[in-house]
Amino acid sequence: MSDNDSVTLTINGREVAAEPGRLLIDVAEELGVFVPRFCYHPGMKPVAVCRMCLVQIEGQRKLQPACSTPVADGMVVNTQEAGAVDAQEGMLEFLLINHPLDCPICDRGGECPLQDQTYKHGPGSSRYVEPKRTYEKALEISDLVVLDRERCVLCWRCVRFSDEIAGDAFIQLVDRGPGTQILTFNDEPFDSYFSGNTIQICPVGALTSKPYRFVARPWDLKSAPSVCSYCSVGCPITNESRDEKLVRCQALPNENVNDFWICDKGRFGYHYVDSDERLTAPLERGANDEFQDVSWDHALERVAAKLRDGARVGVIAGGHLTTEDAWAIGKLAKNVIGTRDVDSRVADAGAPYADVMISGLSPAAGSSATINDLATARTIVWMGPDPKEALPVLYLKLRGAVLDHNAKLIVVSPRRLSLDGFATHVVRSEAGGEARAVDELMSSPAADDIGDPMVICWGPSSPGRDDAGVVAALGRLGAARDAKVLMCPPHSGSQGLLDMGVHPSLDAGHETAAEPGRDTRAILQAAADGRLDVLLLFGADVIADFPDADLAGRALGGGAHVVTVELFPTETATRSDVLLPSAAFAEREGTFTNLERRIQKLEPLLEAPGVAREPWRICVALARLLGDDWGWHSFVDVWNDIRSNVRTHTEVDIDALSARGPTPAPQYESGYEKDPSHSGGVVAGPGGQYPKGYRSGTPFQTGQNWPLSWELRGFEARQRPGIVAGTPNGARPSPSGSTTSTGSAAPDGESADGFVLYAGRMIYDEGTMISKSTALRHIARRPFVELNEEDAKELELSEGDEAVVRANGTEARLEVRLADIARGAVFIPYDQKGFRANTLTSAPRVTLARDL
Amino acid sequence: MALPEILTGMRVVIRNVFKGKETMSYPEVRRQPWPRFKGRHVLERHPDGLEKCIGCELCAGACPADAIYVVGAENKPGARFSPGERYAQIYQINYLRCIFCGLCVEACPTEALLMTTEYEISGTSRDDLVYTKEQLIVDAPIQRHWDTKIEYSPDRTTKQKAGRDGASS
């Protein structure tokens, strides 16, 4: 017998204790008994439609699907007795009736759950001789996904994912009976930001990736675990390469971060790594204003010469640097060069991250909540950018928290966000009045749904908005009930840069600096005024990303010696004096710190092009030339230094970052070997039938070199959970209502003219990295301006018109879209086709007029 | 007595004196290998002229010497190379690595890859010995370094005049 929180059952003669309510298929898998399956996926609710996982349970008249049967006390289960084995063989024979045998050209071939499970559990031959059902092959159902309905085994995984997880039910089972097929509605494209996940979970080759189509076979691929380099959610991925080219990124599961999912930007946005435009050697501006290739020694010596002798230096770091780079940059700037003018906020310039600590929301300038706290929260307050566009996988987590875990979601925003569809309360704030809306939350109808535990999600919404006021208001809201905060900076490296003190008023470990330095805006202003000698830009494309393109342009022309560490010759880089090539995320060992301050490791897969180096190595070399030898030669050296100097990171065990957890399923690690009891010791391979052991060592026989499908590998990398960085204890800054003003534009006065400008990121844009993606760069939309209907009426604008948007003497012609947005506010997306919003975002207000 | 042994030995000697020479003046005269000799590969075509190879890389996967390199691509309406969706954009066999085991031919699902009896594979540079698809496709002439005037059948009973592509028949 067993106690309340555990039941005891017997699976294939082995007794096992399990939590009540768990599914039989999971419990068996942990025991090492693999029950074949197609429709079951641990990230989704079971439906038991494929009938592949039928098992025998003593006392039950019929076979039961293990994927939807909860374990019960005293249950005696058998997965290998004649009845269950017959069912498995029968199901596979049925599935293969209509499945075309075009495995040789199928992108799934070689890592296909249907192939693998047929070898392992299938009948060996088919009795079916009639013609197969046929459909038109290779239907392109979106710019990214190709559908082959013939291969589909109707497991519903894609349908369930789209509906349950993503909420974009663009793909559905249509028709009935033998004609049942997967299709989109009315030939509308499968335009989901998460469509790539259906490719990965498809247990056959029915949904395949268009960018990866026929690029490689699974056994060609080298792969290394890594972390997505785009947004700050930091989804773990595998990078896979063929012939030293990155050809595929797939999601790795981490139940703390992304469950099993990544967005299409992370999945298909990798092409920039292999772009021909990458910088491969240090460049120096020579005599005729032309760049010349120079050696590292020469380039670094030139930079060091400029940095010596009390030069006035400003350092700006971009958001895609790793934690190690961040530590090296902070150390170089503060300890070696001796400047406090260092900042890592470019697109999010002026975002009051430090205020999150000062207002008492969190003990660090970062999250105090984890992403999974969303699922256990009673109330979630969202006060940030549109998560579906900016932090897509966090959107999935928020959606799951509300729909599956009954959290109450309160969205405060002046414009409609993707969350509004399932939010419990939507508070539409006035233009520029978000802080007031937060203050009034407790007296609004939403107050009834505010309870503990509460998670406040905040991210900088738009340059020039009163984020400091918002954070202060959230601080007041949170202080009343000890809420946790999930702070959402924009980029993969943003939080790591804050943790490492690449910030004018913070030191590493979230210590407040005695004398704050200049922030990005002030550094650029100083450079523009000729008050800086050297401007060091680490992956910071200030002309494209800084909210005031004009100021950035003047800063580069202000006479300072500009040194840029970059992947690409961006506009900023081509205007600098020395250009140093950097290694990209797939080419290096490193860590990203995500928005919940989880540190996850990148493993190197490729060689950096030419002589490109990691930015931290550049810092090491510069420091040495400036007379300070740090003695770092490897990733481990950097971390030893971080651990002994950063109070929040002393406990980080970097070996644990790459450690693999327990791998389940010893039984099926060996791949193809069929159970000898009913296979006669013969293994079928594509070359025919060979006795077992013959030709051992070639992939067909042993499964050693052969990439098994994820199902059979038991979702191997549930393994790398990452480590959440510590929070500073002890001297916690006292909560105070006052906030520091960090360069944000003045709050809007009542008398100001024009519209309050909100600018935000859309998932696909013309950013430096994503615009190199052959898959995604065509998807970026035309630029538009979102406007309230009433406002539009007054201006005599209607949907689709072209409006002239003016700010600070610049103007742009943008297509008008009527939207649910507060009166007096307009929304403009960043970096859409042919238009950079940061030419307009320098002013807090813009005027609109009809294009005449 | 040793006489019987001597006579036995002399019988062998005398028989071989009249037997004719086993050596031949290669490359002017040469012998065809047996039909199942495993020589260099060809990529077959269908009767309608489309390539049989679909670029599936199973040959490359089966190759124990890692001698085969294939990159697939998609047939487009204007540029069709093979039936179906996929064809081999790049197909290379590195004859410096190939051990002529024939596993690639066995693995080929479309019988596109066959082995000829051609054994003259030599070159003066490494690059020469990486055969491309253009060299391997069946209608590409098999390059011989020297002219052969006479060719014998494998059992050396029939003599025939050899053309330049005599070996592939």
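All values reported here derive from a predicted model rather than from experimental measurement. Each chain gets a letter, A, B and so on, in the order its sequence line appears, and its residues count up from 1.
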Open item on the list: Shorter than 4.5 Å, heavy atoms on both sides: which option in B:P109, B:A73, B:C108 has the most such pairs with chain A?
Closed with: B:A73
Task: Spacing of CG belonging to B:L58 relative to CD1 belonging to A:I105, to within rounding of 0.5 Å - done: 11.5 Å
Open item on the list: Please rank A:C103, A:A216, A:P104, A:C106 by heavy-atom pairs under 4.5 Å with chain B and give me the top one.
Closed with: A:P104
Task: Residue pair B:E74 / A:V146, side-chain heavy-atom distance below 4.5 Å - done: no
Task: Contact class of B:V70 relative to chain A, heavy atoms under 4.5 angstrom - done: backbone
- [ ] Look at atom CG of A:D276 and say whether more than 12 heavy atoms of other residues, nucleotides or ligands are closer to it than 6.0 Å.
- [x] no
Open item on the list: Using side-chain heavy atoms (C-beta onward) and a distance below 4.5 Å, is B:N75 in contact with A:F214?
Closed with: no
- [ ] Determine whether more than 12 heavy atoms belonging to other residues, nucleotides or ligands lie under 6.0 Å from atom CD of B:E5.
- [x] yes
TODO: Using a 4.5 Å cut-off on heavy atoms from C-beta on, say whether the side chain of A:D102 contacts that of B:R86.
DONE: no
Task: Which atoms of A:R213 approach chain B - backbone, side chain, both or neither, heavy atom under 4.5 Å - done: side chain
Task: Exceeds 12 heavy-atom contacts within 6.0 angstrom, atom OH of A:Y135 - done: yes
Open item on the list: So, taking the atom named OH in B:Y69 and the one named CG in A:D220, what distance separates them when rounded to the nearest 0.5 Å?
Closed with: 8.5 Å
TODO: Check B:E85 against A:A138 and note the closest heavy-atom contact, atom names and distance.
DONE: OE1-CB, 3.5 Å
